[in-house]
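What you see below is based on every heavy atom in this structure, not just the backbone, and it leaves out hydrogens, waters and symmetry mates. This is a predicted model, so every value here is computed, not measured.
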Amino acid sequence: MELAYIPSPSSGVLYLGPVPLRGYAFCIIIGVFVAVWLGNKRWIARGGRAGTVADIAVWAVPFGLVGGRLYHVITDYQLYFSEGRDWVDAFKIWEGGLGIWGAIALGALGAWIGCRRRGIPLPAYADAIAPGIAIAQAIGRWGNWFNQELYGRATDLPWAVEITSSADGRMPGTYHPTFLYESLWCIGVALLVIWADRRFTLGHGRAFALYVAGYCAGRFWIEYMRVDEAHHIFGLRLNNWTAVLVFLLAVLYMVLSARKRPGREAVVEPGAGDGEGPAADAGQTDGDAAGKDASAEDATTEDATDTDDAGKPGKSEKPDESEGPAEPEESKDGAGSAKKA
């Protein structure tokens with residue numbers, strides 16, 4: 001008899017009147033917002049503009065969702081195209097089924113398009129959003145809890161998850177909550193990337209590569225615990241082989257990148273440090289006005305005190321009253337003429 005376990009929700013859908021709120025979709029949406037928020041903070045800290053991460057995410061997120069769904073449908077095609085299955089279910093993304101490998105691959109393509117339109121290097125953008133993606137995955141995994149999926153072998157541990165549904169071949173019981181394991185692992189990966197980025201000043205895509213390698217290392221052993229249907233190659237699940245291959249590629253990239261392009265990008269967004277934009281224009285206007293005032297003040301001072309080449313005060317146009325009234329020129333001429341005569 002189990003003394004403790006994690007209960008599963010009786011339904012993955014909550015209704016707000018006629019509007020269904022699906023737990024799986026809700027977790028993904030929250031994860032995306034958190035990733036953009038954290039990525040924006042990191043991007044600004046690296047010298048980029050506020051809002052750039054969100055602008056590029058408009059391209060990356062839809063591409064990532066399509067890629068994640070495609071990977072899932074292709075690798076688990078029997079769930080949608082075998083006898084007795086309805087192929088229309090392949091489009092029901094809210095019922096679960098996103099492959100992270102496809103999501104990252106096509107999401108990177110979308111991000112590349114967004115970065116190219118803004119003249120931004122994709123590796124710098126990837127470094128900024130890497131921890132946010134890991135946290136988004138950690139949040140998104142709880143969508144599997146709402147759908148009672150992504151669990152491991154049977155266990156009676158106190159943190160086992162209780163499965164009550166018998167749909168799609170499920171057997172009610174308590175199992176390893178692999179969704180929880182992956183969620184916690186992703187949080188650890190996010191903290192690792194943040195620490196390593198500060199400690200070693202990672203750049204040129206190496207922070208993102210560290211995230212990929214860290215995630216793959218955890219995904220390998222978590223995938224090994226799962227019991228849901230999957231394709232096997234030489235005794236290992238397909239996702240295990242994918243994790244190994246992607247891990248090796250990420251490590252290789254980190255090594256080669258560090259040798260070829262050490263350090264970090266000096267500029268991540270063209271013009272971000274030039275003070276462009278409305279605020280800069282306002283500041284420029286104020287500066288021009290201040291400059292004009294200063295010039296006018298200098299001119300007034302220069303008129304009030306004229307200096308000769310020696311740097312000494314010259315004669316003012318106004319006669320010095322202490323020396324007495326000046327004689328008219330005509331008087332001087334008259335007096336001189338009289339003397340000559």
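- Remark: the Asn240 side chain and the Glu223 side chain contain no N/O donor-acceptor pair separated by less than 3.5 Å.
- Counting only N and O atoms by type, the side chains of Glu162 and Tyr151 include no donor and acceptor under 3.5 Å apart.
- Looking at Ile129, Ile44, Leu38 one by one, the single match for side-chain contact (heavy atoms from CB on, under 4.5 Å) with Val53 turns out to be Ile129.
- Residues Asn239 and Tyr71 bring a donor and an acceptor atom of their side chains to less than 3.5 Å of each other.
- Between Trp43 and Tyr125, the ring planes lie perpendicular to each other; the angle is over 60°, past the 30° to 60° tilted range.
- The local environment of OH in Tyr253 is crowded, with over 12 non-hydrogen atoms from other residues, nucleotides or ligands closer than 6.0 Å.
- By the 6.0 Å contact criterion, CZ on Arg117 is open, its count of non-hydrogen atoms from other residues, nucleotides or ligands being 12 or less.
- If you check the side chains of Arg226 and Thr178, you find no donor sitting under 3.5 Å from an acceptor.
- Within a 6.0 Å radius of CH2 in Trp221, other residues, nucleotides and ligands contribute more than 12 heavy atoms.
- Using a cutoff of 4.0 Å between basic side-chain nitrogens and carboxylate oxygens, Lys92 and Asp86 are not scored as salt-bridged.
- Side-chain atoms of Tyr5 and Pro158, non-hydrogen and from C-beta on, never get closer than 4.5 Å to each other.
- For Tyr77, the OH atom counts as loosely surrounded, since its 6.0 Å shell holds 12 or fewer non-hydrogen atoms of other residues, nucleotides or ligands.
- Judged by distance alone, the side chains of Tyr181 and Trp159 do bring a donor and an acceptor atom under 3.5 Å apart.
- Relative orientation of the Trp59 and Phe63 rings is tilted, given thresholds of 30° and 60° on the angle between their planes.
- Linking Ile, Leu, Val, Met, Phe, Trp and Tyr residues whenever their side-chain heavy atoms come within less than 4.5 Å places Val36 and Leu98 in a single cluster.
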